[in-house]
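Worksheet: one structure, shown below.
One-based numbering, in listed order, for ligands and for the atoms of each. Just so it is clear, the values below take in all heavy atoms, side chains as well, and ignore hydrogens, waters and symmetry mates.
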Amino acid sequence: MPLYLVFTPIGNLEDITLRALRVLREADLIAAEDTRHTGKLLAHYEIQRPLISLHEHNEPVRLAQILDRLRAGEHIALVSDAGAPTISDPGYLLVRAAIDAGFQPIPIPGPSAFLAALTASGLPTHRFLFLGFPPRKKQARAQWLQRVRMEPGVLIFYESPRRLPGLLADIAQHVGPERSVVVARELTKVHESFWRGTAAQAVEVFAQAPKGEVVVLVEGAPARESSHQALTPEVEALLARLLAGGTPVSESARLVAEATGLPRRQLYQAALRLFRE
Ligand code: SAM
């Protein structure tokens with residue numbers, strides 16, 4: 001009856017847990033992003049179980065089939081090509097549908113590229129924003145990066161090696177050329193490497209697409225920059241309304257500080273800026 005979300009290796013076949021192997025061995029059905037790819041993993045561990053494909057193009061139509069089999073009491077394991085299912089990979093729709101149908105999915109944790117990259121990056125690990133793959137269109141990507149520029153936590157991206165030079169150029173331009181960047185490449189594989197430098201240096205070093213898979217990590221916004229970020233559009237709108245109604249700058253800041261608990265100094269600065277604008 002359970003739906004298991006089984007994490008699989010991101011390069012090194014040894015990175016699979018004993019529990020994951022047991023769950024795969026005991027599954028009535030394994031739903032895989034690419035059955036041939038998963039077939040190799042299963043063959044390596046001498047596991048022979050029925051496989052069906054579940055990828056981004058057929059996920060909606062597979063849902064009903066898999067839910068029926070869960071209702072029939074079968075044990076289903078969901079895997080993607082690498083790492084955590086549903087993380088920049090198919091599976092979310094199935095997880096949601098299973099929950100809605102009364103089946104709580106069971107995670108079988110293991111490797112995921114962004115966590116492996118973050119832990120060894122040397123960047124602060126207490127706060128981060130996983131962003132997955134950036135938009136491909138240049139303008140959309142620029143706007144998307146501008147929206148996360150003030151995030152105080154580490155920014156984490158997935159990207160294909162071919163698009164890495166373009167992403168790094170946009171990070172230097174829209175996030176900041178002096179930000180620390182780490183490019184984690186070929187994690188868990190023979191040519192695993194971590195490159196560290198500034199965004200501007202990364203643009204030079206990765207002017208050509210590198211070989212292999214990469215995770216890009218970018219230092220969060222410096223505290224001074226990010227404190228301005230803490231103001232949401234709602235808070236700004238509240239300040240703007242008070243100012244427009246004739247409330248003086250310092251009084252507007254005081255009122256909003258009382259209402260929101262945000263620092264009065266920061267609100268004063270914002271109110272002053274809005275007043276001038
Ligand atoms: N579900 C996977 C996970 O949990 O990490 C991510 C799948 S996503 C389709 C593939 C992307 O993950 C790659 O383009 C790359 O950015 C990153 N990735 C996966 N394996 C990697 C590895 N061994 N080294 C570096 N990056 C990797």
Side-chain angles (χ1 to χ4, degrees), residues 3-17 19-20 23-24 30-38 40-41 44 53-59 77-96 105-123 125 128-136 141 144-145 148 154-171 181-196 199 202 205-206 208-218:
L3 172 66
Y4 295 101
L5 310 175
V6 182
F7 292 43
T8 56
I10 56 169
N12 187 324
L13 287 184
E14 289 179 20
D15 291 331
I16 187 152
T17 68
R19 188 174 174 219
V23 166
L24 291 173
I30 300 174
E33 183 181 7
D34 177 341
T35 52
R36 271 196 309 174
H37 186 95
T38 298
K40 287 184 200 151
L41 175 72
H44 183 83
S53 68
L54 183 132
H55 44 71
E56 56 177 324
H57 303 295
N58 72 359
E59 189 171 356
L78 173 70
V79 298
S80 64
D81 283 356
T86 81
I87 301 298
S88 296
D89 265 342
Y92 171 70
L93 295 179
L94 177 60
V95 166
R96 195 58 254 174
I106 299 175
I108 310 292
S112 189
F114 79 88
L115 274 181
L118 178 65
T119 51
S121 68
L123 295 172
T125 53
F128 60 88
L129 181 60
F130 172 69
L131 291 155
F133 288 96
R136 290 194 187 170
R141 195 165 63 214
W144 184 79
L145 287 171
V148 295
V154 170
L155 307 173
I156 309 180
F157 306 89
Y158 282 168
E159 189 50 294
S160 73
R162 198 158 51 85
R163 296 199 185 86
L164 180 68
L167 172 63
L168 291 172
D170 284 354
I171 287 173
V181 166
V182 177
V183 178
R185 209 166 57 83
E186 292 287 85
L187 292 162
T188 77
K189 304 185 204 176
V190 180
H191 296 294
E192 177 177 276
S193 71
F194 286 82
W195 179 89
R196 295 182 178 85
V205 170
F206 295 97
Q208 307 291 328
K211 287 214 176 75
E213 298 186 285
V214 291
V215 180
V216 178
L217 305 99
V218 180

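By the 4.0 Å heavy-atom criterion, Ser160 is excluded from the residues contacting ligand 1. For the ligand labelled ligand 1, residue Thr188 lies outside the 4.0 Å heavy-atom shell.
Less than 4.0 angstrom separates some heavy atom of Lys189 from each of these atoms of ligand 1: 23 (N). Interface of Ile10 with ligand 1, defined as ligand atoms under 4.0 Å from a residue heavy atom, comprises 20 (N), 22 (C), 23 (N). Numbered from 1 in the order shown, with element, the atoms of ligand 1 that lie under 4.0 Å from a heavy atom of Ala84 read 1 (N), 3 (C), 4 (O). Within ligand 1, the atoms closer than 4.0 Å to a non-hydrogen atom of Glu159 are 14 (O), 16 (O), numbered from 1 in the order shown. Every atom of ligand 1 is numbered from 1 in the order shown, and the set under 4.0 Å from a heavy atom of Ser112 is 3 (C), 4 (O), 5 (O). Set against the non-hydrogen atoms of Glu186, the atoms of ligand 1 under 4.0 Å away are 24 (N), 25 (C).
With a 4.0 Å heavy-atom cut-off, ligand 1 is reached by no atom of Phe7.
Residue Leu78 comes nearest to Gly91 through the heavy atom pair CD2-CA, 3.8 Å, listed as atom of the first residue, atom of the second, then distance. Residues Val214 and Arg185 share a closest heavy-atom pair of CG1-CG, 3.5 Å.
A donor atom on one side chain and an acceptor atom on the other are not found under 3.5 Å apart for Thr38 and Asp81. In summary, the side chains of Asp89 and Ser80 do present a donor paired with an acceptor at a separation below 3.5 Å, with no hydrogens or angles considered.
Looking only at protein heavy atoms, the nearest one to atom 26 (N) of ligand 1 is Val215 CG2, 3.4 Å. Looking only at protein heavy atoms, the nearest one to atom 7 (C) of ligand 1 is Asp89 OD2, 3.3 Å. The protein non-hydrogen atom at the shortest distance from atom 24 (N) of ligand 1 is Leu187 N, 2.9 Å. The single protein non-hydrogen atom nearest to atom 20 (N) of ligand 1 is Glu213 OE1, 3.3 Å, given as residue, atom name and distance.
Backbone and side-chain nitrogen or oxygen atoms of Pro111 are examined, and none is located within less than 3.5 angstrom of a nitrogen or oxygen of ligand 1. The N/O atoms of Gly11, backbone and side chain alike, include none that comes under 3.5 Å of an N/O atom in ligand 1. Polar contact with ligand 1: absent for Ser88 (N/O pair, distance under 3.5 Å).
Between Phe114 and Phe128, the ring planes lie tilted relative to each other; the angle falls in the 30° to 60° range.
Using a cut-off of 4.0 Å between Lys/Arg side-chain N and Asp/Glu carboxylate O, Glu213 and Lys189 are scored as salt-bridged.
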* side-chain hydrogen bond (donor to acceptor under 3.5 Å, both in side chains) between Ser53 and Asp34, worked out -> CA-CA 6 Å; Ser53 68; Asp34 177 341; over 6 Å; no
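Residues Phe130 and Ser88 are in side-chain contact: their nearest non-hydrogen atoms beyond the backbone lie under 4.5 Å apart.
Here CG of Leu24 is found 5.5 Å from CD1 of Ile16. Values are rounded to the nearest 0.5 Å.
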